[in-house]
Structure formats: C-alpha cells, structure tokens
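Only one structure is covered here, and it is reproduced in the block below.
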There are 2 protein chains.
Amino acid sequence: MSTKREQIIETTCQLIEMQGYHATGLNQILAQSGAPKGSLYYYFPDGKEELAVAAIERTSRDIERNIQQVMTAVPDPIAAINQFILGLAAAVEASGFRAGGPVTAMALEAASTNERLRLACRDAYRLWQDAFAARLRDGGFGAERAESLSALILASLEGAIILSRSQQDVRPLRQVAAEIDTLLRPGGP
Amino acid sequence: MSTKREQIIETTCQLIEMQGYHATGLNQILAQSGAPKGSLYYYFPDGKEELAVAAIERTSRDIERNIQQVMTAVPDPIAAINQFILGLAAAVEASGFRAGGPVTAMALEAASTNERLRLACRDAYRLWQDAFAARLRDGGFGAERAESLSALILASLEGAIILSRSQQDVRPLRQVAAEIDTLLRPGGP
DNA sequence: GTCTATAATACGATAGAC
DNA sequence: GTCTATCGTATTATAGAC
C-alpha cells in the first residue's frame with residue numbers, strides 16, 4: 001500500500017510504454033519518480049524484472065477495469081466494443097502518440113528472451129480477450145465464434161496502436177473500429 | 001554489393017526481431033556476423049541508427065516481395081490474403097516463435113524517441129498496406145473500403161504475431177486469418 | 001526502512017595502426 | 001578498406017552507513 005512503491009510502478013509504466021523495456025533505465029525511473037535506488041531494491045528485490053512484472057500486472061488490471069466499465073455503460077455489446085476502440089484512439093492521440101500501453105512493448109522485447117515477462121504479458125492478453133469474449137457471448141455469439149472474434153479484436157487493436165503511433169495519426173485505429181463494427185453487425189458487410 | 005555489409009544487415013534483422021532494438025548490442029551483431037567493429041562504422045558511418053534503418057528497408061522490400069508473390073500465385077484476392085496470413089503463421093511457428101519481423105519491434109521502441117526510425121517504419125507499413133489495398137481494389141472493393149480493409153488486415157496481422165509469440169501458439173494468427181476471410185467474402189458473416 | 005557510494009559490466013563510438 | 005585498442009558513459013546490482 002506504500003505510496004512510493006506505487007509511484008515507482010506508475011513511472012515505470014509511463015516510461016516503458018514510451019521507450020520500451022530495455023531503453024528504460026532504472027536510474028531514469030528513480031529520477032522521475034523521486035525515489036532513491038535503495039527503495040527500489042527494497043520493494044523489488046529481484047530488480048528490474050520484478051518491477052516490470054509489477055508494471056504489467058498493474059496495467060493488466062487497469063485496462064481490464066476500463067474494458068468492463070465501457071461494457072457496463074453501453075448496453076449493446078457491438079456498440080460497446082466500438083466505443084472502447086474509439087476511446088483508445090482518443091487516448092493515444094491525447095498523449096501525442098507517445099502512449100500505447102507498456103505490455104505490447106515488453107511482449108515484443110521479452111517474448112523470446114525472458115520467460116517470466118512473456119508469461120505476465122500472455123496473462124494480461126488473456127484477461128483482456130476474455131472480457132471481450134464474454135460480452136460477445138452475451139450478445140448472442142457462440143463460444144467458439146466469440147473466442148475467434150475477440151482474438152481479432154485484440155490483435156487488430158494492438159496492431160492499430162502501433163500503426164497509429166508510427167503515422168502519428170489515429171486513422172488506423174478509427175478504420176479498425178469501423179471494420180470491426182461492420183464484421184459484428186448482423187447481416188454483415 | 002559487399003557481402004559483409006549484407007551479412008551485417010541480415011544479422012541485425014535476426015537479432016532485433018528476437019530481442020528488440022535496444023537489447024541488441026553492436027558487439028553482439030559483430031560477433032554473430034563475424035565482422036569487426038571497424039567494418040561496421042565503415043559501412044554505416046552513422047552507427048546503430050543507420051544500421052537499423054538499413055535493416056528496416058531490407059525487411060520492407062523482402063516482405064513486400066513476399067506479399068506480391070503470394071498475390072500473384074493465387075488468383076482470388078481473398079484466398080491470396082488468407083494464404084499469406086497462414087504462411088506467416090507457419091513461419092512464426094517454424095522459428096520457435098522467435099521471429100516476427102524487426103519492424104514492429106523498432107516501431108514500438110523508437111516511435112516516440114527516434115524520428116528517423118519512426119519514419120522508416122511508417123514507410124514500410126505504408127508499402128505493405130498498399131500491396132494489400134491494390135489487390136482488394138482488383139477484387140472489386142472501392143478505393144475507400146480497400147484502404148480501410150487493408151488497415152484492418154495489416155493491424156490484425158501485426159497484433160496477432162505479438163499474441164502468437166506471447167502464447168507460443170499459432171491460434172491467434174489462424175483465428176485472425178479465418179475472421180478476415182469471413183469479413184471479405186461476399187455475403188459476409 | 002531509507003538512502004548513498006560504488007562495484008562490475010556493457011554500451012556506442014572513435015582513434016589510429018596497418 | 002580492414003582491424004584492434006580504448007575512451008567515456010551508460011547500465012544493473014550491491015554493500016553498508018544511518
């Protein structure tokens with residue numbers, strides 16, 4: 001419950017999502033969060049790896065809560081998914097195309113080299129995909145189709161964030177939102 | 001046309017796609033490619049950044065050629081796109097989920113911090129998306145819809161590679177291939 | 001629990017011999 | 001053109017005072 005511990009994690013999330021895992025140094029995290037190096041190793045004895053896992057878990061919960069919130073606020077599942085993606089586009093744009101979630105960065109950098117981080121990322125993705133899949137089942141899709149559709153939604157979401165940041169333009173995210181909507185609507189394209 | 005220069009670029013592509021940009025050291029590239037440090041700075045006076053740009057441009061051409069090849073071999077555009085994605089899934093699996101393209105890694109790590117790399121990634125994505133869009137127009141889709149669909153295809157492709165590597169399972173790529181196919185077929189879902 | 005100083009190592013880049 | 005030795009500065013991690 002320590003507030004300094006939370007500050008360190010929060011700063012880590014911000015820096016990793018902007019720069020990536022390996023480009024973000026412990027010294028930079030310490031400088032920006034105002035914590036000394038001793039505190040970091042007191043709260044995270046395993047060092048950078050443990051801190052990164054904490055950052056992934058924190059983001060995992062935050063995003064999952066965000067998804068649930070939109071899904072509860074908007075009754076129609078298809079409209080809810082559309083609104084979530086557009087909300088994401090607005091957030092990415094508002095950050096000046098610097099934000100896009102720390103999980104994807106670590107998933108790419110550490111998927112092949114760090115098993116612990118890979119599993120943490122995998123679990124986060126699983127949680128988010130399940131949130132979409134559950135809502136799709138509520139909307140009348142069968143279990144298998146909901147699983148398949150939620151995979152497309154999550155994948156295109158992650159990919160569109162990368163495209164939008166590279167182009168510094170929200171168009172890819174908006175286009176994905178529109179095409180997903182078309183795919184989900186009864187009657188189809 | 002130097003063969004050593006090509007070796008350096010090829011090794012850079014392999015290492016960056018496995019570990020990312022910042023995690024890949026110049027010394028590691030040199031050791032694996034068998035080149036000495038002097039050669040690297042002779043061929044790439046601007047150092048790591050110039051080398052990374054060369055790696056992106058090389059991958060850009062290779063993938064574009066791969067897309068064109070599948071699109072030429074398979075007459076039906078929708079079937080061709082499906083086959084390209086499944087081919088990608090096979091390649092990712094064959095690499096032991098270590099490969100997935102060096103561009104995405106750099107796009108994420110450098111989008112906010114290195115303008116030169118960001119632009120190189122943006123151009124690569126543009127080239128690939130245009131290849132898909134052109135084929136969709138051939139298949140009868142209007143220009144605007146082809147643009148929007150190709151954005152979804154490229155985004156979901158990139159995202160599904162990340163998901164598949166995190167899970168060490170090609171399912172996400174296969175599910176994306178199937179859902180894209182459903183979306184494209186006349187009559188729809 | 002909190003903090004500083006420092007160790008051990010790797011990084012990218014450069015200088016200069018050949 | 002090719003190569004090696006080395007510089008200066010990062011990095012993660014630790015030891016030990018308070």
Side-chain angles (χ1 to χ4, degrees), chain A residues 1-56 102 105-106 108-110 112-118 120, chain B residues 1-56 102 105-106 108-110 112-118 120:
Chain A
M1 207 43 189
S2 162
T3 196
K4 195 156 270 179
R5 200 188 119 102
E6 293 304 309
Q7 268 180 295
I8 294 174
I9 296 178
E10 176 60 28
T11 304
T12 303
C13 287
Q14 289 174 13
L15 289 174
I16 288 182
E17 93 181 319
M18 279 196 294
Q19 308 171 333
Y21 175 68
H22 285 100
T24 299
L26 256 24
N27 293 327
Q28 194 185 7
I29 294 171
L30 263 15
Q32 184 163 324
S33 67
K37 191 161 283 192
S39 294
L40 194 151
Y41 279 95
Y42 171 74
Y43 290 118
F44 307 96
D46 275 6
K48 192 179 187 179
E49 184 178 296
E50 186 179 355
L51 176 54
V53 171
I56 293 171
M106 285 190 264
L108 262 168
E109 290 182 72
S112 309
T113 53
N114 188 317
E115 189 68 0
R116 194 172 165 195
L117 291 185
R118 195 203 113 225
Chain B
M1 207 42 188
S2 163
T3 197
K4 193 155 271 180
R5 199 189 120 100
E6 292 305 308
Q7 269 179 294
I8 294 174
I9 295 177
E10 176 60 28
T11 304
T12 304
C13 287
Q14 288 174 13
L15 289 174
I16 288 182
E17 92 183 317
M18 279 197 293
Q19 307 170 335
Y21 175 69
H22 285 99
T24 300
L26 255 25
N27 294 324
Q28 192 185 8
I29 294 172
L30 264 14
Q32 184 163 322
S33 67
K37 191 163 283 195
S39 294
L40 193 150
Y41 278 94
Y42 172 74
Y43 290 117
F44 307 96
D46 275 7
K48 192 179 187 180
E49 184 178 296
E50 185 179 357
L51 177 54
V53 170
I56 292 172
M106 284 190 267
L108 262 168
E109 289 182 72
S112 310
T113 54
N114 188 316
E115 189 68 359
R116 194 171 166 195
L117 292 185
R118 193 204 116 223

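Note that the structure is a prediction, hence the values are computed from the model and not measured. Just so it is clear: chains get the letters A, B, ... in the order the sequence lines come, proteins before strands, and each one is counted from 1. Computed from heavy atoms alone, side chains included, the values below leave out hydrogens, waters and symmetry copies.
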Segment of DNA chain D, first to last nucleotide, that comes within the 4.0 Å heavy-atom reach of chain A:
D/dT11 to D/dT14
Quick one: which protein N/O atoms are closer than 3.5 Å to N/O atoms of nucleotides 5-11 of chain C? Pair and distance per line, please.
residue: C/dC11; atom: OP2; partner: B/Asn27; partner atom: ND2; Å: 3.2

Are A/Gln7 and A/Ser33 linked by a side-chain donor-acceptor pair shorter than 3.5 Å?
no
May I ask you to say what B/Tyr43 touches in the nucleic acid, namely base, sugar-phosphate or nothing, with a heavy-atom cut-off under 4.0 Å?
sugar-phosphate
Counting N and O atoms only, with roles assigned by atom type, does the side chain of B/Lys37 sit under 3.5 Å from a partner on the main chain of B/Leu26, one being a donor and the other an acceptor?
no
Qualifying residues under salt bridge (Lys or Arg N to Asp or Glu O under 4.0 Å), relative to B/Glu49, sequence neighbours excluded
B/Arg116
Spatial distance of atom CG (B/Leu40) from atom NZ (B/Lys4) [nearest 0.5 Å]:
11.5 Å
B/Thr113 versus A/Gln19, side-chain donor and acceptor atoms under 3.5 Å
no
Nearest whole Å is fine: how far is C/dG12 C1' from B/Ile16 CD1?
14 Å
Enter the distance from A/Met106:CE to A/Thr24:OG1 here, rounded to the nearest 0.5 Å.
9.0 Å
The reported gap from OG1 in B/Thr12 to CG in B/Leu51 (rounded to nearest 0.5 angstrom) is 3.5 Å
From OH (B/Tyr42) to CD1 (B/Ile8), nearest 0.5 Å
12.0 Å
